[in-house]
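For the numbers below, each heavy atom of this structure counts, side chains included, while hydrogens, waters and symmetry mates do not.
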There are 2 protein chains.
Amino acid sequence: MKIDPKNKADLSAQIAKAIRDAIISGDMNVDERLPSESELADQFDVSRSTVREALKRLAAQNLIRTQRGATGGAFVRRLSYDEAYAQHITTSTLLLSMNAVDFETACEARFALERACAPLSAKRRTPDHLATMRAEIHRQAQPGLSDERFCDSDVAFHRALVDGAGNPVLSYQLAGAVEAMQPLMNMITFTQRNRDVIIGLHTRIADALEMQNSADADEALAELTAYTLTLGEEAMEARARR
Amino acid sequence: MKIDPKNKADLSAQIAKAIRDAIISGDMNVDERLPSESELADQFDVSRSTVREALKRLAAQNLIRTQRGATGGAFVRRLSYDEAYAQHITTSTLLLSMNAVDFETACEARFALERACAPLSAKRRTPDHLATMRAEIHRQAQPGLSDERFCDSDVAFHRALVDGAGNPVLSYQLAGAVEAMQPLMNMITFTQRNRDVIIGLHTRIADALEMQNSADADEALAELTAYTLTLGEEAMEARARR
DNA sequence: CGCGTTTAATTGTCTGACATTTTAGACAGC
DNA sequence: GCTGTCTAAAATGTCAGACAATTAAACGCG
């Protein structure tokens, strides 16, 4: 980890990479303390500012945490599921918005992945998951709910569906696909008729999962996919005409 | 974006957050230039070092790029698919290794997601994808191939399968699940018998995709899932006994 | 022994300086 | 007018040194 060529370009990036590699390769364990900033500056033969910039880069990736005081310093950080979720969602959302991914592509990806969860969710969903889904369905039926709140509730419903599979890795991977769709979904105007259809399909999905009927759940999800696609197309057309 | 309370803790993190929010919310467009470091220092009423640490945090997340020289500065960066892939894979791998995710969970997630791609891939795979899969199968059959190389080829095969769906969002989301499994897969010792079975299933998958037979592909993938799970269990047991 | 107090270590911030890189503009020569 | 060269300015990258803030351990005292 102490290597550093005489390449005088982007010193702080090089140092960050050296330390990052040491962490990723497993040379450093969780909660292990890095040398102090002054020591690192000596080791790499750079100033403390440069070391600090390198450490900030690592902190931005949640790879280290810093602590002030006598026994303080930079420590290797355990990446928590919650942080990874948040990071994944941010990146996914940015990727979609900056690259102008069309609604159809994002929608297809999202529902294909969700349908992969359905059989597992039918098998393992707990009463808690079912209760969350029912509660969100109830919320979606409330009169006067704004389109944005309706979308929020939609995400929460689908999140419960995914979490029902009881596989945190699956939940983590899906979070990106589901949440990154939200900005696109927010472009849609949901009429009462639209909402009724969606609520009906959500109810069918919840029922199927409750009965542990994987085939019914899959069928309802397929219909929901198709329906969401048509809503998206209409919204895109309306937007294009404007 | 110019807001900054008198909260004197973690100034550089606060400033990074302010700028990040401005980028994510869409207030700043791709390739737009941020104010210079000195200007930002004045605006936020902090020193240039603090601003620089904030900017390094954003650079670490690929949100900005910096350029030296007269017309240089920090520019909002377009997040490319390749970078997002790399970032997603790194995070997923770390998440799995740091949280000691068991083989079964990771494996289940990976194959569930892959099976979601199979129908789309059967519909849309190009001759290129098929050629890649055949080439990797051929490579997997080579005598004297190390376990690690066999895993590499396995990943390449499955990557081609996923890419065959022709949906970049799907490919992106899947990359994390497939590649993050590799460290776990590398714990397995693949005997010739094991490899023969896997190669047979890969061939069945490639054949099914070539014939655009989604059901066959799904069945072969299901068998591959089950087989990989037993291999993983054996490897974990062997590791536990050691 | 228990409880403040001091002290040392460490990160966080500031200031000012210099190095390096890159562009735009001035200027000279034809 | 055109072209090539030179210079100055602007911006990031790095450095050195200082001080503030925070924290835990060592110390001293009753």
_Separation of C:dT11 P from A:L58 CG (nearest whole Å)_ = 14 Å

*To the nearest Å, how far apart are B:L34 CG and D:dA10 C1'?*
17 Å

*Could you tell me the separation between the CG atom of B:D45 and the P atom of C:dT13, rounded to a whole number of Å?*
13 Å

*Would you mind classifying the nucleic acid contact of B:R65 as base, sugar-phosphate or nothing, using non-hydrogen atoms under 4.0 angstrom?*
nothing

_Suppose we call a contact any N or O donor and acceptor under 3.5 Å apart; does that hold for the side chain of A:R48 and the base of C:dG12?_
yes

_Both A:Q67 and A:S49 contact DNA chain D. Which one's nearest nucleotide lies toward the 5' end?_
A:S49

_Side chain of B:E37, heavy atoms from C-beta onward: which of C:dC14, D:dA10, D:dG13 has the nearest atom to it?_
D:dG13

*Would you tell me if any nitrogen or oxygen in the side chain of B:T50 comes within less than 4.0 Å of OP1 or OP2 on C:dC14?*
yes

*Below 4.0 angstrom, N of the basic side chain to O of the carboxylate: do A:D154 and A:R139 qualify?*
no

*In terms of side-chain geometry, is the basic nitrogen of A:R124 or B:E108 positioned less than 4.0 Å from the acidic oxygen of its partner?*
yes

*Quick one: B:E53 CD to D:dG13 C1', roughly how many Å, whole number?*
14 Å

*Return the value, rounded to whole Å, for the distance between atom CG of B:D42 and atom P of C:dT15.*
10 Å

*Closer than 4.0 Å, any side-chain N/O of A:R52 to the OP1 or OP2 of C:dG12?*
yes

*Between A:S12 and D:dG13, does any side-chain N or O lie under 4.0 Å from OP1 or OP2?*
no

_Distance below 4.0 Å between A:R68 side-chain N/O and D:dA24 OP1 or OP2_ = no

_Any A:T71 side-chain nitrogen or oxygen under 4.0 Å from OP1 or OP2 of D:dA24_ = no

*For A:H158 and A:E179, run side chain to side chain donor-acceptor pair (under 3.5 Å): C-alpha distance rounded to whole Å, both residues' side-chain angles, the deciding distance at 0.1 Å, then the answer.*
CA-CA 10 Å; A:H158 287 277; A:E179 306 249 359; over 6 Å; no

*Answer whether the closest heavy-atom distance between the side chains of A:L174 and A:Y85 falls below 4.5 Å.*
no

*Can you tell which of D:dA16, C:dT11, C:dA8 lies closest to the side chain of A:S47?*
D:dA16

*Which listed nucleotide (C:dT11, D:dT14, C:dT22) is nearest to the side chain of A:L11?*
D:dT14

*Are any non-hydrogen side-chain atoms of B:E83 and B:R78 less than 4.5 angstrom apart?*
no

_Closest approach to the side chain of A:A70, judged atom by atom: which nucleotide of C:dT10, C:dA9, C:dC14 is it?_
C:dA9

